[in-house]
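For this chain, numbers begin at 1 and follow the sequence in order.
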Amino acid sequence: DNLKKRKCEVSERIAREHGKYLSWFELDLAALDRAYIKKQMDQASLLSTIGSRDLVIELSDKEEEEEKDEHGHTKPKQQSLDTFKSYIDSVRRSKPHNLDKSVERALSVRKPYVGTLPLVGFFIKEISLLTFQVPFSASSASTNCTNEVVDLEVLLSEMSSSYDATYRANCLRTLNDGLSGHMVRISALSLSTVAGSWDVENKERGYTSLRHRRNLENNCSEDVVLSLLDGVRSAGVPLCRRYYTLKKRILKVTQNLKKFTWSDRDAPIDIPEKAAENEQQEEEEEEEDDEDEEEEVEDIVTTGELLGLTDENNNASGDKTATTTNTTATTNNQINKPPPRPQTDEKVSWEEAVYYVYRGYSKFSPLMADMFLTMVKENRIDVPAIDGKRGGAYCSGVTPGIGPFLLLNFEGTKRDVAKLAHESGHGCHKILAYQQGHLQYQSSLSLAETASIFGEMIVFRDLLSHASSKGEKLSLLMGKIDYVVNSVVRQCSFDRFEELVHMARQRGELIPSELDEFWMQTIKEYYGTPGPNEGDSPFDSFDNVSHLWAYVPHFHSAPFYVYSYAFTDLVAGALYNSFTKRPEGFEERLLDLLRAGSTKNFVEALRPFGLEPTNPSFWADALESHLGGLVREAEDLATELGYI
């Protein structure tokens with residue numbers, strides 16, 4: 001509560017200062033002497049204050065009247081302004097949609113008190129405080145199946161990590177029931193308010209479509225975004241259903257599954273090795289891997305000693321109990337020596353997770369690996385899942401010289417290893433881009449996930465190469481495909497849900513039952529209609545899913561943000577495909593992309609890799625090579641192991 005109060009105080013102060021700057025800049029800057037303007041720019045940091053940012057724009061606009069090139073574009077006379085060209089261009093793109101300065105000032109000052117911000121903040125706080133009683137299941141491998149009370153993140157982790165189908169189904173029912181009542185009403189009120197505000201502002205500011213405002217911020221054309229969404233519907237959805245058909249077959253054999261339901265969507269798979277004749281060959285291959293790994297360890301030892309990683313300075317987020325993360329301080333010894341490879345039904349310790357991410361990053365970019373280990377050493381990662389903590393995982397860049405900081409809800413699952421690799425990629429991206437300054441280090445959403453998803457893929461491929469059997473490889477592949485399907489197909493289904501919600505909000509206030517209907521409509525559009533006869537879905541039922549829209553925070557805090565996950569996952573997949581085909585010089589090309597921050601749009605950024613995202617076939621090709629390639633790998637292994 002004290003932290004929340006402090007956050008509100010800071011938000012209110014920012015709003016007041018922002019309003020003051022806007023009031024000051026209502027003066028006619030054209031009448032000011034240039035020497036006076038230069039003095040103002042010298043006094044206020046161009047890298048940290050909103051006032052200086054607006055001054056740069058106003059000054060640039062004045063120069064636009066003085067000199068243009070043959071295309072009618074501004075030719076700044078002052079060399080220092082060239083540094084901020086990307087930022088200036090981004091502000092100019094939105095300038096036609098800005099309101100009168102007095103109106104903007106009034107909106108800015110009132111923002112912390114009225115409108116969507118307080119309501120969305122209340123919704124997020126209530127979600128973080130929500131608790132559920134975990135159903136008991138004597139046969140579950142989970143350590144938390146004792147009717148204890150847990151928060152949302154732990155419940156979701158329990159459901160996605162259990163090998164017991166009955167327990168997973170009970171977790172889903174507990175989740176859906178727990179969201180009903182007051183929580184679904186709060187979420188509906190918040191979402192209806194956000195959608196209503198979005199609609200009003202779109203009309204007042206002259207945006208021409210639901211996503212126009214978000215696309216402008218992402219520096220993506222409407223055509224490119226619609227091409228992405230259409231591509232996922234036409235090519236991604238069939239791949240998704242094909243994959244779940246495979247997963248259903250495997251679960252029926254390995255877990256004696258009777259019905260494939262929504263709670264089985266992210267179920268882990270423990271596949272026993274059936275090809276006994278391969279055991280000797282696999283042992284020989286593993287011995288060769290161990291010899292190679294000893295060479296890798298020598299490099300890791302040097303890095304660990306250089307960074308001074310010790311028990312004392314690496315307690316990444318305070319106390320971590322064995323019931324949540326089983327973590328202790330990460331030591332030189334634990335980093336330098338490979339930990340025992342975990343079995344599929346065991347938790348991954350924090351030390352193991354750090355080691356896996358470091359090892360994977362090291363194989364691609366020693367620089368990024370060192371950045372990751374430095375973030376661990378400097379306690380920049382808030383690790384455990386605890387009550388009252390914000391859910392999910394994210395990375396905050398803050399500002400150059402201060403950030404980055406990472407938040408996790410680490411429960412020791414293999415998905416948590418992927419999340420650590422993902423968020424650490426964000427951290428490396430921000431560190432590399434800090435050289436662009438506060439105004440331009442943040443990439444647009446179209447490129448912001450590049451390092452994170454690419455980092456995930458590098459760590460995944462490293463883990464796959466160290467798998468001890470075909471069964472373990474298939475298990476890892478299925479987990480990775482789960483993640484890609486969720487990032488691509490599921491996120492685009494979220495966008496479709498938002499589309500239905502925002503279109504309906506134009507007709508009036510929304511109530512929970514309407515949102516339930518939109519949610520179910522979306523699920524059927526993307527995952528098919530269950531049914532033994534006329535159904536076109538691999539799922540046998542969609543029981544206990546009607547309220548699951550109520551806990552997704554992006555619908556409230558960033559409307560139409562979700563398609564960026566699909567966008568960047570497919571871009572990262574295309575980049576990885578480029579890396580496998582042309583590895584020479586790839587690391588430096590990728591690091592240059594990351595260092596650019598927002599100074600390059602996604603078309604310019606991808607050109608050195610031979611990728612053309614404006615090509616209509618780009619998304620279909622990316623889906624086929626990325627998601628399709630993973631599905632084919634899994635199908636081939638499943639065939640070898642006798643599941644198909």
Side-chain angles (χ1 to χ4, degrees), residues 86-87 89-97 198 202 205-240 429 440 442-454 484 487-499 502-503 525-526 554 558-578 590 593-594 596-628:
S86 175
Y87 175 77
D89 289 345
S90 70
V91 171
R92 285 178 179 160
R93 284 195 299 271
S94 62
K95 189 170 184 178
H97 307 286
W198 190 263
N202 280 353
R205 296 180 181 276
Y207 294 111
T208 57
S209 69
L210 289 175
R211 300 177 189 84
H212 185 184
R213 182 172 164 190
R214 183 66 63 198
N215 296 344
L216 202 64
E217 293 176 1
N218 291 345
N219 196 16
C220 290
S221 71
E222 186 87 0
D223 289 342
V224 168
V225 174
L226 292 179
S227 176
L228 162 69
L229 297 172
D230 290 343
V232 172
R233 286 288 290 265
S234 62
V237 167
L239 282 171
C240 167
H429 192 170
Q440 297 180 146
Q442 293 278 22
S443 296
S444 65
L445 292 181
S446 56
L447 291 171
E449 300 288 336
T450 303
S452 56
I453 297 175
F454 191 86
V484 174
S487 294
V488 178
V489 179
R490 189 167 186 242
Q491 296 300 325
C492 287
S493 77
F494 283 1
D495 179 274
R496 171 59 174 157
F497 171 72
E498 285 189 280
E499 183 178 56
H502 283 251
M503 290 173 63
E525 287 180 7
Y526 279 77
H554 293 83
F560 297 102
Y561 174 97
V562 288
Y563 78 71
S564 66
Y565 288 113
F567 192 113
T568 51
D569 201 302
L570 293 177
V571 166
L575 283 171
Y576 186 82
N577 189 45
S578 172
L590 184 65
L593 183 157
L594 303 180
S598 64
T599 62
K600 293 182 180 179
N601 62 43
F602 73 100
V603 175
E604 295 171 330
L606 297 181
R607 191 166 292 135
F609 303 92
L611 302 176
E612 292 293 339
T614 56
N615 190 318
S617 66
F618 174 80
W619 301 112
D621 293 343
L623 277 160
E624 183 57 34
S625 64
H626 184 37
L627 179 56

Only one of Y207, F497, F560 forms a ring-ring contact (aromatic ring centres under 6.0 Å, His included) with H502, so which one is it? F560
Between the side chain of S493 and the main-chain N/O of R490, is any donor-acceptor distance below 3.5 Å? yes
Y526 vs C240, test: side-chain contact (heavy atoms from CB on, under 4.5 Å). Steps then yes/no. CA-CA 9 Å; Y526 279 77; C240 167; over 6 Å; no
Scan the side chains in residues 609-620 for donor-acceptor partners under 3.5 Å anywhere in the protein, sequence neighbours excluded, and list what turns up.
from	atom 1	to	atom 2	distance (Å)
N615	OD1	S617	N	3.0
N615	OD1	S617	OG	2.9
S617	OG	D621	OD2	3.4

Residues N202 and L210: closest non-hydrogen pair is ND2-O, 4.0 Å
With rounding to the nearest 0.5 Å, note down the distance linking CZ in F567 to CG in N218. 8.0 Å
Working to the nearest 0.5 Å, report the span between CG of L229 and CG of D495. 5.0 Å
Test your reading of the model: is there a side-chain donor-acceptor pair from E604 to the backbone of N601, 3.5 Å cut-off? yes
Look up atom OG in S443 and atom CD in E449, then write down how far apart they are to the nearest 0.5 Å. 10.0 Å
Minimum heavy-atom separation for R93 to H97, with atom names? O-CD2, 3.9 Å
Output for pair (L575 CG, L606 CG), nearest 0.5 Å, gives 6.0 Å
Please state whether the rings of H554 and Y565 are parallel, tilted or perpendicular, taking 30° and 60° as the class boundaries. perpendicular
Which residue pairs satisfy the salt bridge (Lys or Arg N to Asp or Glu O under 4.0 Å) criterion with at least one member in residues 218-236, sequence neighbours excluded? R233-E525
Give me each pair satisfying salt bridge (Lys or Arg N to Asp or Glu O under 4.0 Å) with a member in residues 563-578, each pair once, sequence neighbours excluded. none
Roughly how far, to the nearest 0.5 Å, is the CD atom of E499 from the CZ atom of F494? 15.5 Å
Counting distance only, does the side-chain N/O of S598 pair as donor-acceptor with the main-chain N or O of S444 below 3.5 Å? no
